[in-house]
Amino acid sequence: MLFIDSHCRGLGYGSMLLEFAGRQGAVEVDVNEQNPSALAFYRANGFKIKGRDETGRPYPILHLSL
């Protein structure tokens with residue numbers, strides 16, 4: 001998961017972190033299902049939903065992969 005301060009969103013920091021993580025070999029990410037802007041960001045960057053955390057937690061997690 002990447003976390004960007006709300007005051008810094010839209011300034012390219014998420015893309016820079018995602019690019020750095022990709023250079024390190026990262027191809028999977030988890031995102032809170034109730035965070036539609038984060039999900040849209042990852043999907044716009046080529047990630048697809050591969051699974052969903054079914055543990056019954058109040059904030060389900062989606063597992064995404066390139």
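Leu64 places a side-chain heavy atom less than 4.5 Å from the side chain of Leu39.
Across Ile49 and Arg43, no two heavy atoms sit closer than the pair CD1-NH1, 4.4 Å. For the pair Val27 and Phe47, the tightest heavy-atom approach, listed with the atom from each and the gap, is O-CE2, 3.7 Å. In terms of heavy atoms, Tyr59 sits closest to Gln34 at CD2-OE1, 2.8 Å. The nearest pair of heavy atoms linking Arg52 to Pro60 is NH2-CG, 3.2 Å.
Summarising the geometry, atom CG belonging to Leu62 is positioned 13.0 Å from atom NZ belonging to Lys50; distances are rounded to the nearest 0.5 Å. Between the CG atom of Asn32 and the CZ atom of Arg57 there is a distance of 11.0 Å, given to the nearest 0.5 Å.
Checked against side chain to side chain contact (heavy atoms under 4.5 Å, CB included), Asp30 has the following partners two or more places apart in sequence or in another chain: Met1, Ile61, His63. Residues that satisfy the side-chain hydrogen bond (donor to acceptor under 3.5 Å, both in side chains) test with Asp53, not counting sequence neighbours, are Thr55.
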Criterion side-chain contact (heavy atoms from CB on, under 4.5 Å) on Leu18 and Tyr42, from CA distance to verdict: CA-CA 9 Å; Leu18 196 57; Tyr42 290 121; 4.2 Å; yes
